[in-house]
J.: 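Sharing a structure below in structure tokens format, with a few things to ask.
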Amino acid sequence: MTRDWRDVLADAADLALLGILLTLAALPLLTAAAAAATASAAVHDRFGTGGWPSARQTLARFVRAVPAGVPVSLLALAGAGLLAADLAALATGRVPGGTPALAVTVLVTAAVAGYAGSVVVEVGRTGGRWRPAARTAARACLDHPARWAALAGTAGVALLLALLVTPVTVPILAGYTLAALYAVARRPVTRPEPS
């Protein structure tokens, strides 16, 4: 079956709505991980079965994901806060190290963002279970560093776009970013032919 412009437009609208709902569900901050897991599962369903889950199924997934997601949300918020404070201190010259230390910290931040993107994709595949998702993502990143770099690049482009677009459109970007992370993560790995 061929897809036409109406199918593409419908997917774009669905992803925009998913991003808005993801942002609203993550607003209390402690529910951010549950919102990400639920949205990731919805994207997994869309790519896997061709359809979106029902509202009832999505709400049930979110409610089940909240208890396990609270510690993950706290860990992610603490890690992001520490990296942001470190980057700000290095960029303003408040700590020694200068440009080399800033470059290393930016690379570490990009690597963490790529790994986090992989974890979010995997948590959608594992039904909201964070530990197996984190282990699978770690193994995937180590086994396929090019994919890890592509996920980091995807997260970096999303961050750049979030800084450039009108703030009211950032929630829409969240849905598109999740779909982009999923597309990068599920792309088959090609191995070079031996010569």
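All heavy atoms count here, side chains included; hydrogens, waters and symmetry mates do not. Remember, it's a predicted structure, so these values are computed and weren't measured experimentally. We're numbering straight along the sequence, starting at 1.
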J.: Determine whether a donor-acceptor pair (N or O, by modelled atom type, separation under 3.5 Å) exists between the side chain of R147 and the backbone of R187.
T.: yes
J.: Do you know the tightest heavy-atom contact between A134 and V119?
T.: CA-CG2, 4.0 Å
J.: Please tell me whether V112 and L159 are part of a single hydrophobic cluster in this structure, the criterion being side-chain heavy atoms less than 4.5 Å apart.
T.: no
J.: Hey, are the side chains of R186 and R125 touching, using non-hydrogen atoms and a 4.5 Å cut-off?
T.: yes
J.: Looking at CZ of R61 and CZ of R56, how far apart are the two atoms once the value is rounded to the nearest 0.5 Å?
T.: 14.5 Å
J.: Are W130 and L30 connected in a single hydrophobic cluster, I mean Ile/Leu/Val/Met/Phe/Trp/Tyr linked by side-chain heavy atoms less than 4.5 Å apart?
T.: no
J.: If you round to the nearest 0.5 Å, how far is CG of D45 from OG1 of T49?
T.: 5.0 Å
J.: Nearest 0.5 Å, please: how far is CG in L87 from CG in L82?
T.: 11.0 Å
J.: Any donor-acceptor pair under 3.5 Å linking the side chain of S40 with the backbone of A36?
T.: no
J.: At their closest point, which heavy atom of G128 faces which heavy atom of A37, and how far apart are they?
T.: CA-CB, 4.4 Å
J.: Are L102 and V95 linked, directly or through other ILVMFWY residues, by side chains that come within less than 4.5 angstrom of each other?
T.: yes
J.: With a 4.5 Å cut-off on side-chain heavy-atom distances among I, L, V, M, F, W and Y, is there a chain of contacts connecting V72 to V70?
T.: no
J.: For residues R94 and T92, is any side-chain donor paired with an opposing acceptor at under 3.5 Å?
T.: yes
J.: Distance check, rounded to the nearest 0.5 Å: T58 atom OG1 versus L21 atom CG?
T.: 9.0 Å
J.: Can you name the nearest heavy-atom pair linking W148 to A111, along with the distance?
T.: NE1-O, 2.9 Å
J.: Indicate the atoms forming the closest heavy-atom contact of A32 with A26, along with that distance.
T.: CA-CB, 3.7 Å
J.: Of all residues at least two apart in sequence or in a different chain, which pass the side chain to side chain donor-acceptor pair (under 3.5 Å) check with R64?
T.: none
J.: Just by distance, do the side chain of T166 and the backbone of T169 share a donor-acceptor pair under 3.5 Å?
T.: no
J.: Y115 and V123: same hydrophobic cluster, using ILVMFWY side-chain contacts below 4.5 Å?
T.: yes
J.: Under the 3.5 angstrom rule, does the side chain of D7 hit a backbone N or O of D4 as a donor-acceptor pair?
T.: yes
J.: Do you know which two heavy atoms are closest between P167 and P171, and how far apart they sit?
T.: O-CD, 3.8 Å
J.: To the nearest 0.5 Å, what is the distance between CZ on R129 and CD on E122?
T.: 11.5 Å
J.: Is there any salt bridge (charged side-chain N to carboxylate O under 4.0 Å, His left out) pair reaching into residues 96-109, and which pairs are they, with sequence neighbours excluded?
T.: none
J.: OG1 of T105 to CG of L90: how many Å apart, nearest 0.5 Å?
T.: 4.5 Å
J.: Does the T31 side chain pair with the main chain of A25, one donor and one acceptor, at a distance under 3.5 Å?
T.: yes
J.: Members other than Y182 in its cluster, when Ile, Leu, Val, Met, Phe, Trp, Tyr link by side-chain heavy atoms under 4.5 Å?
T.: L15, L18, I20, L24, L27, V43, F47, W52, V120, V121, L151, I172, Y176, L178, L181, V184
J.: Give me the atom names and distance for the closest heavy-atom approach of A174 to T23.
T.: CB-OG1, 4.2 Å
